[in-house]
Amino acid sequence: MIRNLLFRHPVRQIKNLIEIYYPQYLSSLSRQVSPMIAHGKILREKYPNAKIVYAGSCLAKKMEVHDKDVRGIIDGVLTFDEIDSWIKKENIIPNKMPMEEFNAIGTNTGRLYPITGGLAKNSVENLDGSRKILRIDGVRDCMEFLDEIHQLDKKYWIEMNACEEGCVNGPGNIHSPLSKYEKVEMLQTYIDLNSKKEPSTDIPAVDTRRSFHKRPVHHLGEVPTEELEKILNQMSKFTERDELNCGTCGYETCRDKARAVYWNMAELDMCLPLITSKTEAISNLIITTTPNAIAVLDKKFRIIEFNAAAERLFNMKKEDVMRYNFVDALDYNPFRKLNHDRGNTYTGKGHYERENRTFMEILTYIPEQELYMGIFIDITRQEKQEQDMQKIQEETLKMAQRVIDKQMRVAHEIAGLLGETTAETKVTLTKLQKVVTSREVEV
C-alpha cells in the first residue's frame, strides 16, 4: 500500500517530521528538490560566480541550505521580516525606489505554489489520474494524518504543508499587518494581473533529484532519567512549563529532542526558544547589573523597561512608572534632543531638576522596533567637584590679584617715601655746602 502514496513536502519541517518520526514513508516522498533549490541550481548554472540569496517566509529554509545533498547551492537565506527590519534600519522607503522588471517571468501555476493546493495545481496534471488528491496543512493535522494513513486503501497524491494556508503564512513574515486570508487574496490578485505574461523559455536543464535519510529517534531506546533531565536543563527546560514543544527543531516534543541529543543525533543549540532565551538572558543581565540607569520606551514614550539603577537615580519605583509616559512620570524630556534628520543617537549632558542631578545622556532611537532607549550616567559628584575646583581656582586668582595690588601700592608708597627723603637730603646737603663755603670766604 505504501508505494501507492506520493507525498509532496513543500516545507522542510514536514521532511524532518517524516525522516525522524515516520521513516517508513520515506520511499513515498517525491524525489525532487524544493523550488528554492531548483531555482538556485538554475541561477548557479546561468551565473556561476553570483552570490545567491533566497528570500521568503520560511524559517526552515535556513536549515535546508545546509543539507549535504544541496549544500553550496544557496549562499544565504533571509526571511521577509529580516528584510523588513533591514530596510527600516537603512531608512529605505520602497515605494520611492525605482522599479525594475524581473529578469525572468514565471508561470501562473508556479505563482500558486505558496498557498494550499498550489503545489497540486503545478504537478497533478503529470500524474496518473487514478490518484486522489489530499491537501493537509498545519503540523498537528499532518501528524494526525500520518498516524492514520494505514487506513487508506487507494492511491493518493498528498500535499502537506507545515504552515496553515501554506508558505504565504510562514513564520518569517509576522511583521506583515495582513491576515493569512488577506495574504492569500493579494497573491491571487497578483496572479490574475500577470496571467497574460509569457513565461521564460531560456531555462537551463538542471538535475532536480534528491534523496532522503532516515533519522528515527524512537528506536534508540530509553535514556537514563538523570541524563535526560540534565540535557533538558542545558536547553533551559527546568520545568514542564518550559517545554514548549514548538516543533521548530523537527522533533515533536522537547523531550524527544533531548533524547536525540543524548544519542548524538541532534545539536543542543538547535532550538529557537533556547537561542532567544539566551539572548534575552544576556540582555537582562546587562540591564540588571549595569550601574548606569537604563530606560526603554515605546514609540509613545511609555516606559517598558526601567532598571534598578534608574530607580535609584530618578528616585522612582519601577512599578510606579511602568507603562506611564516618561515625560509625565519624571517631568523630564531628554529625548527631544534627538534629531532624526542627523541620526538616531545623541550624547551629551543633561540636568534633572527634580533631584538636582546632572547626567551624561546616551539617547538612541531604534526604528525597526520603534523603541527609545536612554542610558543615564550620574556625573553629579564629578560636576560638583569640577565646580568646587573652579571656585577654588577663581578664589586663588582673586587672592593673587589682591596681593599683586597690595605689593604695587607698597612699592608705590616706598618709592614716594624714598623720593621725599632723597629730596630732603639734597636740600640739607646743599644748605650745608653753602654754610661751609661762606665760612671759607670770610677767613
Side-chain angles (χ1 to χ4, degrees), residues 7-15 30 32-40 42-43 52-62 64-65 74 76-88 92-127 133-142 157-200 203 208:
F7 293 105
R8 294 307 300 260
H9 48 98
V11 178
R12 187 181 187 273
Q13 194 170 11
I14 298 299
K15 165 193 169 293
S30 171
Q32 297 294 312
V33 296
S34 68
M36 174 185 76
I37 299 300
H39 194 182
I42 291 172
L43 293 175
I52 301 173
V53 179
Y54 174 84
S57 61
C58 183
L59 291 178
K61 296 299 181 187
K62 290 180 176 288
E64 182 182 356
V65 295
I74 304 295
V77 173
L78 291 174
T79 65
F80 290 143
D81 288 340
E82 288 172 329
I83 294 174
D84 178 59
S85 298
W86 184 15
I87 287 174
K88 288 178 179 176
I92 296 171
I93 303 175
N95 292 338
K96 294 185 178 180
M97 301 297 291
M99 295 182 64
E100 295 184 10
E101 292 292 332
F102 285 112
N103 291 340
I105 298 174
T107 63
N108 287 329
T109 52
R111 297 187 185 101
L112 287 168
Y113 178 85
I115 59 177
T116 300
L119 188 57
K121 292 180 180 179
N122 274 269
S123 309
V124 171
E125 60 183 1
N126 297 324
L127 295 174
I133 300 172
L134 289 179
R135 305 183 185 96
I136 307 165
D137 59 353
V139 175
R140 189 174 299 277
D141 287 346
C142 289
W157 193 95
I158 304 165
E159 176 183 329
M160 303 179 75
N161 291 280
C163 300
E164 294 182 3
E165 299 299 328
C167 302
V168 74
N169 194 41
N173 191 26
I174 61 175
H175 288 189
S176 172
L178 302 174
S179 70
K180 57 185 177 182
Y181 304 109
E182 289 175 316
K183 293 174 185 175
V184 172
E185 182 181 6
M186 288 189 69
L187 178 60
Q188 189 61 60
T189 301
Y190 172 78
I191 293 170
D192 294 340
L193 289 174
N194 291 273
S195 61
K196 295 182 180 179
K197 292 184 178 180
E198 293 296 326
S200 301
I203 299 176
T208 60

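The two residues Ala38 and Val33 come nearest to each other via the heavy atoms N-CG2, 3.7 Å. Contact record, Lys62 with Val77: NZ-O, 3.0 Å, taken as the closest heavy-atom pair. When every heavy atom of Ile74 is checked against every heavy atom of Met36, the shortest pair comes out as CD1-O, 3.9 Å. The minimum heavy-atom distance between Cys163 and Gly170, with the atom names listed, is SG-CA, 3.9 Å. Taking both residues in full, the closest heavy atoms of His175 and Ser85 are given as CE1-OG, 3.3 Å, listed atom of the first, atom of the second, then distance. Closest approach of Met160 and Cys142 over heavy atoms only: CE-CB, 3.4 Å.
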Pair Met186-Val168, side-chain contact (heavy atoms from CB on, under 4.5 Å): steps then yes or no
CA-CA 10 Å; Met186 288 189 69; Val168 74; over 6 Å; no
Please evaluate residues Glu159 and Leu134 with respect to the criterion side-chain contact (heavy atoms from CB on, under 4.5 Å), reporting the C-alpha separation (whole Å), side-chain torsions for both, the decisive distance (0.1 Å), and the verdict.
CA-CA 6 Å; Glu159 176 183 329; Leu134 289 179; over 6 Å; no
For side-chain contact (heavy atoms from CB on, under 4.5 Å), just list the numbers for Ile136 and Asn161, CA-CA rounded to whole Å, side-chain angles, deciding distance to a tenth of an Å, and then say yes or no.
CA-CA 6 Å; Ile136 307 165; Asn161 291 280; over 6 Å; no
Before giving the answer on side-chain contact (heavy atoms from CB on, under 4.5 Å), spell out for Cys58 and Glu64 the whole-Å C-alpha distance, their side-chain angles and the decisive distance to 0.1 Å.
CA-CA 10 Å; Cys58 183; Glu64 182 182 356; over 6 Å; no
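Separation of atoms CD (Glu165) and OG (Ser179) is listed at 9.5 Å; rounding is to 0.5 Å. With values rounded to the nearest 0.5 angstrom, Tyr54 atom OH is found 12.5 Å from Leu43 atom CG. A distance of 8.5 Å separates CG of Asn173 from OG1 of Thr79, quoted to the nearest 0.5 Å. Atom CH2 of residue Trp86 and atom CD1 of residue Ile83 lie 7.5 Å apart, to the nearest 0.5 angstrom. Between atom OG of residue Ser34 and atom NZ of residue Lys61 there is a gap of 3.5 Å, rounded to the nearest 0.5 Å. Rounding to the nearest 0.5 angstrom, the gap separating the CD1 atom in Ile158 from the CD1 atom in Ile14 is 11.5 Å.
Inter-residue side-chain proximity for Asn169 and Ser57 is flagged as unmet; no heavy-atom pair is nearer than 4.5 Å.
Applying the 6.0 Å contact sphere to CD of Glu185 captures no more than 12 heavy atoms from other residues, nucleotides or ligands.
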